[in-house]
Amino acid sequence: MANTGRISGKDVYVSFRGIVISGDQTSVSWTEEGDLVDVTAADDAFHYYVYTRKDGTLDLESFFDVASSTAYNACAVGAEGTLIVGPAGTASGRPKYTWSRAVVASRGMAIPFDDGVTWPCTFQFSSAVSEGVF
């Protein structure tokens, strides 16, 4: 099986509100879920669900240093704006995922005595994703 189309996370690009927040990240991942309503009737043998709408979050974790404070400050809890992810970087033709409205749901900082300082951030999607290319 050919493996030339595989990518690694080293090239990921993430921007929020026009500010690049990737570069020193340790991980970026997102999930989308469907809200389901249980409309099971008494004589149904199995639960019967109806899809109503989509929901999702993106989790980012980065190392923290003086240079990353701009990204950290841009991701204040409650901040909202456009979130763009390029899993394979920003070269022409590479995939691009855009949420026109995302809200920072949480942000923190981990300061271990014997390891690098990191800051996790969770974005709550508040719009559908637009899939395209750079």
Side-chain angles (χ1 to χ4, degrees):
M1 177 156 99
N3 60 11
T4 57
R6 296 179 186 167
I7 62 172
S8 73
K10 71 177 183 59
D11 296 324
V12 72
Y13 167 85
V14 182
S15 73
F16 179 61
R17 301 171 64 184
I19 297 169
V20 177
I21 60 172
S22 58
D24 216 8
Q25 77 283 342
T26 61
S27 68
V28 176
S29 62
W30 75 82
T31 59
E32 293 181 314
E33 302 171 355
D35 286 343
L36 305 175
V37 175
D38 187 344
V39 293
T40 307
D43 64 345
D44 290 336
F46 292 91
H47 280 272
Y48 188 81
Y49 295 97
V50 176
Y51 170 81
T52 58
R53 69 186 66 88
K54 195 184 298 187
D55 196 9
T57 59
L58 180 139
D59 294 310
L60 173 135
E61 182 180 72
S62 294
F63 283 110
F64 185 83
D65 62 23
V66 176
S68 66
S69 63
T70 299
Y72 180 80
N73 293 337
C75 296
V77 172
E80 57 186 61
T82 300
L83 179 65
I84 299 172
V85 178
T90 60
S92 179
R94 298 291 187 174
K96 176 182 179 183
Y97 300 89
T98 304
W99 292 267
S100 61
R101 186 172 186 275
V103 180
V104 177
S106 66
R107 174 185 75 170
M109 191 170 296
I111 309 171
F113 81 93
D114 63 347
D115 206 352
V117 174
T118 60
W119 61 280
C121 182
T122 298
F123 296 89
Q124 178 69 52
F125 301 146
S126 194
S127 68
V129 63
S130 172
E131 298 181 28
V133 294
F134 283 96

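- Scanning for salt bridge (Lys or Arg N to Asp or Glu O under 4.0 Å) contacts around D24 gives an empty result, with sequence neighbours left out.
- With rounding to the nearest 0.5 angstrom, the CD1 atom of I7 is 7.5 Å from the CZ atom of R94.
- Contact annotation: the side chain of K54 never approaches that of D35 to less than 4.5 Å [non-hydrogen atoms, C-beta and beyond].
- Residues R101 and S126 have side chains that bring a donor and an acceptor to within less than 3.5 angstrom of each other.
- With hydrogens and angles disregarded, no donor-acceptor distance shorter than 3.5 Å links the side chain of T118 to the backbone of S62.
- For F134, the CZ atom sits in a packed shell: over 12 heavy atoms of surrounding residues, nucleotides or ligands are nearer than 6.0 Å.
- The closest donor-acceptor contact from the side chain of T26 to the backbone of E61 lies under 3.5 Å.
- For the pair S22 and V12, the tightest heavy-atom approach, listed with the atom from each and the gap, is OG-O, 3.6 Å.
- Between the side chain of D44 and the main chain of T40, no donor-acceptor pair closer than 3.5 Å is present.
- Under the salt bridge (Lys or Arg N to Asp or Glu O under 4.0 Å) criterion, R17 pairs with no residue, sequence neighbours left out.
- Proximity of a side-chain donor or acceptor of S15 to a complementary backbone N or O of V20 within less than 3.5 Å is not detected.
- The side chain to side chain contact (heavy atoms under 4.5 Å, CB included) test with D59 is passed by exactly one of V28, T122, T31: T122.
- Looking at every heavy atom in both residues, G34 comes nearest to Y51 through CA-CE1, 3.6 Å.
- A distance below 6.0 Å separates the ring centres of Y97 and W30.
- Here the closest heavy-atom approach between residue A74 and residue A79 is recorded as O-CB, 3.9 Å.
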Check your understanding: Stepwise, does the side-chain contact (heavy atoms from CB on, under 4.5 Å) test hold for Y48 with V50?
Key -> CA-CA 7 Å; Y48 188 81; V50 176; 4.1 Å; yes
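- Taking each heavy atom of F125 and L83 in turn, the nearest pair found is CE2-CD2, 4.0 Å.
- The closest side-chain heavy-atom distance from V85 to L58 is below 4.5 Å.
- Here the closest heavy-atom approach between residue A105 and residue V77 is recorded as O-CG1, 4.0 Å.
- Here CD of Q25 is found 12.5 Å from OH of Y13. Values are rounded to the nearest 0.5 Å.
- Linking Ile, Leu, Val, Met, Phe, Trp and Tyr whenever their side-chain heavy atoms come within less than 4.5 Å puts F64 and I111 in one cluster.
- Distance check: N73 CG to I21 CD1 gives 12.5 Å after rounding to the nearest 0.5 Å.
- Note: the hydrophobic cluster containing V14 also contains F16 (ILVMFWY, side chain heavy atoms under 4.5 Å, direct or indirect links).
- C121 and V104 make their closest contact through SG-CG1, 3.8 Å (heavy atoms, listed as atom of the first residue, atom of the second, distance).
- With contacts defined as side-chain heavy-atom distances shorter than 4.5 Å, the pair L60/W119 qualifies.
- Side-chain contact check for E32 versus V129: some heavy-atom pair is nearer than 4.5 Å.
- Summarising the geometry, atom CD belonging to E80 is positioned 12.5 Å from atom CZ belonging to F123; distances are rounded to the nearest 0.5 Å.
- In this structure, R107 forms a cation-pi arrangement with Y72, its terminal cationic atom sitting closer than 6.0 Å to the ring centre and no more than 45° off the ring axis.
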